[in-house]
Structures are given as structure tokens and as C-alpha cells.
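This report concerns only the one structure given below.
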Amino acid sequence: MNAPPPSSGAPAVPFSVLGLAPVVPVVVVEDAADAVPLARALVAGGLPAIEVTLRTPAAPDAIRAVAAEVPGAVVGAGTVLTPGQVTDAVAAGARFLVSPGCTDTLLAAMRAAGVPFLPGVSTASEVMALLERGVREMKFFPARAAGGTAYLKSLAGPLPQARFCPTGGIGPDTAPEYLALPNVGCVGGSWMLPEDAVAARDWDHVERLAREAAAL
Ligand SMILES: O=C(O)C(=O)C[C@H](O)[C@H](O)COP(=O)(O)O
């Protein structure tokens, strides 16, 4: 795990999102009050890099709370679609940004934000467009539906300089196959946060699943 920058008091130093942890939990927070115990369970289980998706109204408060109250967590924002969301996420304390796809407008905003980011791609042309712009680390989304490990292996031949965080449809059964690929730095997924466990606030269960994921 490479060292992320200090969370405050220093200018942002670029670090590799792909180097934080082999598995990045993708979190959809319905109730911001759940964010801190949920993140504590993930960190205790060995998963410090946490992507909170901006899909729910609770997300900015959740990011703010985790950034302020969970030592050891490196919280980022996912489902970042607009420049406004980039600004809001970083203001809330997001230390990295993830998007399902990429546009020129979004890329410019993410570059200007001063934190590392993973724009989403699912085709060779999209990878090439980002490489042309100097971006080498990307989210491969939706990983399973877009071709899974076979597709990533095929990209590694002509485009070995691109490295990926595949996300979407990955579970503990398939994560190791992705992690074994030379162009994969980490995988994203929500399998360690089953809906019923989160609804029941069964953080011990989440911590157990996180520990299993951290050991993959
Ligand atoms: O909306 C986004 O930007 C996302 O991050 C989508 C996520 O990658 C998937 O929702 C996680 O995939 P699952 O592990 O299949 O749940």
C-alpha cells in the first residue's frame, strides 16, 4: 500500500488509487449515520480505501463524516458525473474520485481538483483517448458485462501502459482472477456490504466479509 497524502494541512500530493488496497468497497449510503460504523468495519477488516457513491443524497455527509471520524480510512467519491460533484466531493473530504465513464468536461474538472481520480472506460478507444491525455489509471466498468478478465487480457497486449480498477459484477469468487492480471491494480465491488447486513447494521458481518476480501 502506497502512502496517501495527509488528510489536511498539506497540499494534495498525487498518489495511486490502484495502490491503496487490492479491494475497494463501493458503498451506497442511504443514511449518513451509518457511514462511520460501516467505514470503521471496513477499515478494521483491512479495507482502508472506501468509495462512497454520489448516488444518494446522504453521500456528501457520509464522506464528510468518514473523513473526519475514521482514522485509517481513505475515503473517495464514486459515481462522479459533473464538475459540480467534483467540487462538492473534494470539499466534503473525498481524497480520490471515481466515475463510471468520462467526458472532456469531467476530465478537466477532475484534473483541476488536485486529488487522484479514476475515469471509467469500457472500450479500447476510450482507453486510448485517456492515454493520449496522460491518464494511465482507469476504472474498467461495468467489468463483468463489458467482457471481464478476457477483455482486460486482450487490452494488455496493445495497451500495456493502461492499468485498471475493474468494477461491476465482481465477487469474491471472481476477484482473484482479476487481481492476477498484470494490468489490474485493484478491484472495486460491493459484495462485502450485503443489503440485509447494512439494513440490520450488522457491522460485525461487514467486518468479517471485509477481512475475507482483504485476504484475496
Ligand atoms: O455508479 C458507479 O459509478 C459505480 O461505482 C458502480 C459500481 O461500480 C457498481 O455499482 C459496483 O458494482 P457491484 O459490485 O456489482 O455492485
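Counting starts at 1 for both ligands and their atoms, in listed order. Note that the numbering runs from 1 along the sequence shown for the chain.
In this structure the side chain of T53 never reaches within 4.5 angstrom of the side chain of V27, judged on heavy atoms. The shortest distance between side-chain heavy atoms of F164 and L18 does not fall below 4.5 Å.
Using modelled atom types, one side-chain atom of N183 and one backbone atom of L152 make a donor-acceptor pair closer than 3.5 Å.
In this structure, Q161 places its CD atom where more than 12 heavy-atom neighbours from other residues, nucleotides or ligands lie under 6.0 Å away.
Exactly one of V80, L97, L81 qualifies for a side-chain contact (heavy atoms from CB on, under 4.5 Å) with L106. That residue is V80.
Taking the six-membered ring wherever Trp is involved, the centroid distance between the rings of Y178 and F140 does not fall below 6.0 Å.
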N/O pairs closer than 3.5 Å, ligand 1 and protein:
| unit_1 | atom_1 | unit_2 | atom_2 | d |
| --- | --- | --- | --- | --- |
| ligand 1 | 1 (O) | R55 | NE | 3.4 |
| ligand 1 | 1 (O) | R55 | NH2 | 3.4 |
| ligand 1 | 1 (O) | T79 | OG1 | 3.0 |
| ligand 1 | 3 (O) | T79 | N | 3.4 |
| ligand 1 | 3 (O) | T79 | OG1 | 3.2 |
| ligand 1 | 5 (O) | E51 | OE2 | 3.3 |
| ligand 1 | 5 (O) | K139 | NZ | 2.6 |
| ligand 1 | 8 (O) | K139 | NZ | 3.1 |
| ligand 1 | 10 (O) | R55 | NH2 | 2.7 |
| ligand 1 | 14 (O) | S190 | N | 3.0 |
| ligand 1 | 14 (O) | S190 | OG | 3.3 |
| ligand 1 | 15 (O) | G169 | N | 2.8 |
| ligand 1 | 16 (O) | S190 | OG | 2.6 |

